[in-house]
There are 4 protein chains.
Amino acid sequence: MKLWQKKAVLDRDVEAFTVGDDYLLDYELLPFDCQASKAHVRMLTKIGILSDQEGDRLLKGLDDILSLHQKGVFEIKAEDEDCHTAIENYLVRETGTIGEKVHTGRSRNDQVLTAIRLYSKSKLTECEADVFAAIKALDSFIAKYGHTVMPGYSHMRKAMPMTVAMWGGAFRDAFSDDQLLLYTAMKLIDQNPLGTGAGFGISLPLDRQMTTRELGFSKILHNPVYAQNSRGKFEGFVLTVLSNIMGDLNRLAADLLFFTLPELGYFSLPDEFHTGSSIMPHKKNPDVLEILRGKYHEMLSLENRVRTTTINLISGYQRDLQLTKAALVRGFTVTLQSLRMTIHIINHLHVNAVNCKKALTKELFSTDKVHRLVQQGTPFRQAYRKIGDEYEQDG
Amino acid sequence: MKLWQKKAVLDRDVEAFTVGDDYLLDYELLPFDCQASKAHVRMLTKIGILSDQEGDRLLKGLDDILSLHQKGVFEIKAEDEDCHTAIENYLVRETGTIGEKVHTGRSRNDQVLTAIRLYSKSKLTECEADVFAAIKALDSFIAKYGHTVMPGYSHMRKAMPMTVAMWGGAFRDAFSDDQLLLYTAMKLIDQNPLGTGAGFGISLPLDRQMTTRELGFSKILHNPVYAQNSRGKFEGFVLTVLSNIMGDLNRLAADLLFFTLPELGYFSLPDEFHTGSSIMPHKKNPDVLEILRGKYHEMLSLENRVRTTTINLISGYQRDLQLTKAALVRGFTVTLQSLRMTIHIINHLHVNAVNCKKALTKELFSTDKVHRLVQQGTPFRQAYRKIGDEYEQDG
Amino acid sequence: MKLWQKKAVLDRDVEAFTVGDDYLLDYELLPFDCQASKAHVRMLTKIGILSDQEGDRLLKGLDDILSLHQKGVFEIKAEDEDCHTAIENYLVRETGTIGEKVHTGRSRNDQVLTAIRLYSKSKLTECEADVFAAIKALDSFIAKYGHTVMPGYSHMRKAMPMTVAMWGGAFRDAFSDDQLLLYTAMKLIDQNPLGTGAGFGISLPLDRQMTTRELGFSKILHNPVYAQNSRGKFEGFVLTVLSNIMGDLNRLAADLLFFTLPELGYFSLPDEFHTGSSIMPHKKNPDVLEILRGKYHEMLSLENRVRTTTINLISGYQRDLQLTKAALVRGFTVTLQSLRMTIHIINHLHVNAVNCKKALTKELFSTDKVHRLVQQGTPFRQAYRKIGDEYEQDG
Amino acid sequence: MKLWQKKAVLDRDVEAFTVGDDYLLDYELLPFDCQASKAHVRMLTKIGILSDQEGDRLLKGLDDILSLHQKGVFEIKAEDEDCHTAIENYLVRETGTIGEKVHTGRSRNDQVLTAIRLYSKSKLTECEADVFAAIKALDSFIAKYGHTVMPGYSHMRKAMPMTVAMWGGAFRDAFSDDQLLLYTAMKLIDQNPLGTGAGFGISLPLDRQMTTRELGFSKILHNPVYAQNSRGKFEGFVLTVLSNIMGDLNRLAADLLFFTLPELGYFSLPDEFHTGSSIMPHKKNPDVLEILRGKYHEMLSLENRVRTTTINLISGYQRDLQLTKAALVRGFTVTLQSLRMTIHIINHLHVNAVNCKKALTKELFSTDKVHRLVQQGTPFRQAYRKIGDEYEQDG
């Protein structure tokens, strides 16, 4: 049964089309909704809308749902539309009239916002841990191979020598900057929307400070219209940050695909990281790097999906916004999987010192020669031309 | 077991990461791979690589797979990587040495290309049928309501009167143009890649004309390098066409959301097409139109995912390309669901003649007044200014 | 003076913001508007709205504008908003009351649509010529170097031998498919919108067949609402086709950047095609290939700009649509410049036969060995494993 | 003359294609390059590469360039490629051998990075000021009209009453969050790349602390490879933040287009903010709001252009990266123009209290009725159903 059930029964095809996969996605959100519902119930009890007994009964019901969910047996049906309805329906089924009070002082609008924010905070924390782990993996890699000198490339052509530490450090610093972005995403979304109702506030004396404290939000999102308008904006920014991380992994993958070219052979991965061909028996293919590279594009498309869905629309909730949920959940999945695979790759990456050394051909040192002349007093541009002429005569 | 199984066993995490959901998606492709495999087996029999008996045994095996699949019991496991491997493994299990011959003269590369092209042709045909059905639905709608005159808007402001037929006809014509685009997509991809191997041809005397004929392709895709390079390009174009259709549905939804504004009330949908609010008992929400509008953004993002995944890459198969498969399959699903819902909506759309008539306020006829003056001999711009002055004095 | 000038004078900042660079872009459109205006005037004369004398005077005025434009002295001012206003203002200035009749039976809405369609048709024809020229350039390249055998790559790893002809032919075939797309874009937009007015038709007995014939359109775009809705849709599709072409150039550039890697040295470009470094005197950088590769992204972004601008909007002209004009014009510029540079590059591309031959290492022939065993009777998968084992022992 | 001039003269067409409009864009960057060059010269003097006299001569030359630029007479020619070359060429022309020393210890790579970072910091500061001004404008608007009650909408249908203050406050809070994003962008890019050379460091004892201090950067960007890899990443993030601002303006524009619908008439803008139609004399069109809405799409496309250009590429400078410059400059222009127009609009926005009041129909109060029953003891869901039934009977 819908929360809003009216006499006219919703057309079956319309129901299937509008609900989509939402009810399945909501298995991810359910624990966070229970957490928020518990805080809401405690607050309703405190302000006297629920008696202590009613409050306890509902808290128990919510704990039961959580425990059923952990066992994998709490079901969200398509007819339920979403986890929020499934939860209220369960409580009414189990507690009767008491359950009919749980929705007092909230709307599904602020309820879903709250669950998504809690979910996102939890997933951002996972991302932070994985980015930190990636930095640690790079540190170990650099400790092991960092001193090796290899050719640095610009325009895909040999430029100047660089150390493996310099190369690895570039990704270390990129991840470091990603930490700033993750921190900002966390700070942006860390605003409690519970209590803003359907986007226009609630005419009951709610204690928003209390739920904010209980749920661990840093501050209250006060403006109910902005609570709704923040949907899409916040998810979009979270996905932007994930895309930035994925962009760094994309470049890492591109570098590894290049540095492991058999014709260069600077780096290598173990055989266990390679797949083969169905027809060419000699092939050892770096699919894992190609998938890592390719995943960026799924990520960017998820981000853009969210960032255009909400555009050209007026303020206030529109059902289009719900379509951002799938993209958000998928975005976290893609990023976390990719980060973990990256760490796995870095941990198994091997630098072939012999090949690196062999590749340090003399043109890589042309700028050093220029600088030596400069230190002996030749103006830079003249030194540049002099060394350049030598290479032209050689070449 | 992998087709390419080597001594080094693929790392478990690498396997999970690279295979992703591919093995699940492949339930969609499996019937088309069986169809292509049967054509391939018949061709191998004809050119003498397989004996008649071997050919018959493999054909029977492929039919068995098809029939298991229809019963929902043919399993593609993650270790299989994909349907192509699952099929060869099944045939080897059932027929021994004969099964070990089925991959002669092909690579997984042309095999997957062929299955995807056959799948896409089948789905494009469904899209064509649904676009045609949408045109028919509009025809019925116009037959019923077309004569009603209502305000036409530009800049979201009343402009000139239009008939409902003119409004509906605009979408009819858009769908008509979409038919040209669908036809082009079909024509573009209707090229048989089977026989191009891993992108560099096959050194066996294959009869590519025969498989082309058997599989109903219009022509042979001759160049093996282009066969690989066409992956992504072709999928991208198919998705572009689907996005164009979805763009028309997006505008239709936007119009209906506007014309059904209670403040205007030109159009309406039955109560059964509306959902309610969890907190506002009076609400009747047009979620179905909002989801229809919002789905465009998922579609465009799927298209863009494909169209950037293949970019900045060199020729020849790269595993990144495989990531286009999920987007293609999802794109067809989204489009077909949306088209069917659109037809359902048009069939239930009601025009409120009274509201339309009431809204035909006098300013809508200002241009007609100008034209009347023009026909009486006033130069256009003078007539325009004269009528304009009347409105300014009024206004 | 604006065509719609009212008592309230448009706020200066609002004027600057809304007009933007439109008045500058319109130098591109002006000749096509003159062409359309002339057809319109002839039609108005035929249906008796203009006398023969008036018609002749306006035609002369329009020819004067064209000739001033060719001399580079016809000015479109920001206050004019666009070329359409500049044209009417000129005619009124030169011919008085007669000029005030030129706008009879049309709106700026269908006027701009018509000019853009004529402009696009002309530019598409240029694209067709350049794609054809690129095919011819590839033919010459193949005639010269096609027989050379070089390594083919998949997963960025050596796969099987290919001829240079096979590689070049892949782009030839891609361009061939682009010709189908260009043809479709041309066919889609080849519909005359002149006479649809502001999107709701014109209450005067216009002869639309006549203007359609005069302007060389294949058919009339009948539905006035669709005329407006086609804006964005048509431009978007044209840009999609240009992006498809640019996608092929992107891959060509990526291949050339790879095949000209000094470590591989399969291909090379003359010194005159290389730039240098401000600090590394030895550097020869293939900037031209990098810019060619990078231009795809500008193109795709122009396309997406158009394709999202019109989304979530209701039917009928909205000023947002005007923002598609700059993207369209820029898209043609980018594509035509890139196509011409591609031809220039192909004409100067050199294949280094010695390096190609040297790179034909034995693993490239593993599949041929398998096929030889197959032809001697070994089942394919057994032959594959046998040859595979040989490589593993070697490797 | 190029900095890297070799014997082979760059092909004319290749030059035109690779340089593009860069030399024009660089008029924006030139003052920032001069600023950076001056800091560089002072540092070279300090470490003894330049004598005090040489340093002074170069500083004077750089000041001369700045002053010529302010007068609009410093020319950057296409042959110069960019402002960096134009500056060195000028200095060599004016000071001979001394000028040939200015490039000591830097590459164009870190030079352009530095100029772009300084330029971006300056523009971000302008954005911060404008966002602050927009907040102030909203404050004044709210002070004037905030108390007015009007209908709040969800699903584009009347939902609950809201005050104008609540509506305006939503944008105030959005801008407030944008301040966090601007701050993050500033913090991210506030890293001095000068001294990282071509991406692999400089073998001279540069004093990077000194230039960092002189240029007002918060910290040194130490890793030379990351200096290059940050190009694109940093620009992309800056553009993301601008897009977030533009997204808020997009929603504001969409709201205003809706609330100024004559059929609703809640808000209005003065006549001076409206344009007219070329054919419909009664029209008053809100083009300024439509352009404001539409500009988001240009912004998002600029952002995406940058964010895909750098993808699938290996580390180290690639010429593709240069294509991000035009998008960055344009992005700042679009955002600053749009912010200023938004402030202008808010300052002239009028709330029509009479229309707002008239629109407060009774269904808007349905939730309040539910809450009243709840406060009298009815369980929420029962109260909801009771009030819902009343509306259905009314209906």
Side-chain angles (χ1 to χ4, degrees), chain C residues 2-11 13-14 17-18 20 84-85 103 106-109 111 197-198 270-281 283-285 287-288 290-295 297-298 300-302 304-306 308-309 318-323 327 337-338 340-341 344, chain D residues 2-11 13-14 17-18 20 84-85 103 106-109 111 197-198 270-281 283-285 287-288 290-295 297-298 300-302 304-306 308-309 318-323 327 337-338 340-341 344:
Chain C
K2 273 81 183 162
L3 300 180
W4 47 268
Q5 194 59 60
K6 297 211 167 64
K7 273 173 200 135
V9 173
L10 187 62
D11 178 276
D13 293 333
V14 170
F17 184 70
T18 51
H84 319 296
T85 301
H103 207 59
R106 75 178 180 192
S107 169
R108 243 191 325 188
N109 293 106
Q111 193 181 354
D271 280 358
E272 290 74 16
F273 278 60
H274 290 79
T275 61
S277 157
S278 75
I279 181 175
M280 296 173 282
K283 277 287 238 163
K284 289 186 185 174
N285 293 328
D287 297 45
V288 68
E290 295 167 289
I291 296 281
L292 187 60
R293 182 176 61 182
K295 281 284 177 189
H297 303 277
E298 180 175 1
L300 185 64
S301 81
L302 293 166
N304 273 314
R305 188 197 310 181
V306 169
T308 65
T309 295
Q318 325 259 345
R319 184 68 178 263
D320 322 50
L321 299 183
Q322 195 159 346
L323 298 171
Q337 284 178 347
S338 300
R340 282 153 199 180
M341 188 46 53
H344 196 47
Chain D
K2 273 82 183 160
L3 300 179
W4 47 266
Q5 193 61 57
K6 297 213 167 63
K7 274 174 199 133
V9 173
L10 187 61
D11 179 277
D13 294 334
V14 170
F17 183 70
T18 51
H84 321 295
T85 303
H103 206 60
R106 75 177 181 193
S107 170
R108 242 192 324 188
N109 292 107
Q111 192 181 355
D271 280 0
E272 290 73 17
F273 277 59
H274 289 81
T275 62
S277 156
S278 76
I279 181 175
M280 296 174 283
K283 278 288 235 161
K284 289 185 185 176
N285 292 328
D287 297 46
V288 68
E290 296 167 287
I291 296 281
L292 187 60
R293 182 176 61 181
K295 280 285 176 187
H297 303 277
E298 180 175 0
L300 184 65
S301 81
L302 293 167
N304 273 313
R305 189 197 309 179
V306 168
T308 66
T309 295
Q318 324 259 344
R319 183 68 178 263
D320 321 51
L321 299 182
Q322 195 159 346
L323 297 171
Q337 284 178 348
S338 300
R340 283 154 198 181
M341 188 44 53
H344 196 47

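Any value given below was found using the heavy atoms of this structure, including those in side chains, with hydrogens, waters and symmetry copies removed. First the proteins, then the strands, lettered A, B, ... as listed; each starts at 1.
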- Strictly by modelled atom types, are His297(C) and Asn304(D) linked by a side-chain donor-acceptor pair under 3.5 Å? no
- Message: Can you tell me how far apart OG (Ser277(C)) and CG (Asn109(D)) are? Round to the nearest 0.5 Å.
- Response: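 Going from OG on Ser277(C) over to CG on Asn109(D), the span is 6.5 Å.
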- In sequence, state the C-alpha distance, the side-chain angles, and the governing distance for Gln322(D) and Asp287(C), and then conclude on side-chain contact (heavy atoms from CB on, under 4.5 Å). CA-CA 10 Å; Gln322(D) 195 159 346; Asp287(C) 297 45; 5.7 Å; no
Report which part of [X] has an atom under 4.5 Å of a heavy atom belonging to chain D: side chain, backbone, both, or neither.
X         : result
Ser338(C) : both
Arg340(C) : neither
His84(C)  : neither
Pro281(C) : backbone

I'd like to know which of [options] tops the heavy-atom pair count under 4.5 Å against chain D.
options                                    : answer
Pro270(C), Gly20(C), Ser107(C)             : Ser107(C)
Thr18(C), Asp271(C), Thr309(C)             : Thr309(C)
Glu298(C), Gln318(C), Glu272(C), Arg305(C) : Arg305(C)
Ala327(C), Ala8(C), Gly276(C), Gly197(C)   : Gly276(C)

What closest approach, in Å, do [X] and [Y] show between heavy atoms, and which atom pair accounts for it?
X         : Y         : result
Leu292(C) : Phe17(D)  : N-CE2, 3.8 Å
Leu3(C)   : Ser278(D) : CD1-CB, 3.8 Å
Ile291(C) : Arg319(D) : CD1-CG, 3.5 Å

- Could you tell me which of Arg106(D), Gln337(D), His344(D) has the largest number of non-hydrogen atom pairs under 4.5 Å with chain C?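 Looking at each option in turn, the highest pair count goes to His344(D).
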- Task: For His103(C), enumerate each residue passing the ring-ring contact (aromatic ring centres under 6.0 Å, His included) test, keeping only those at least two apart in sequence or located in another chain.
- Result: Phe380(B)
- Item | Residues in salt bridge (charged side-chain N to carboxylate O under 4.0 Å, His left out) contact with Arg108(D), at least two apart in sequence or another chain | Glu81(D), Asp82(D)
Which atoms of [X] come close to chain C, meaning under 4.5 Å heavy atom to heavy atom: side chain ones, backbone ones, both, or neither?
X         : value
Val288(D) : both
Lys6(D)   : side chain
Leu321(D) : neither

Any [X] side-chain heavy atom under 4.5 Å of [Y] side chain:
X         : Y         : result
Lys295(C) : Leu323(D) : yes
Asp13(C)  : Met341(D) : yes
Val14(D)  : His274(C) : no
Thr275(C) : Lys2(D)   : no

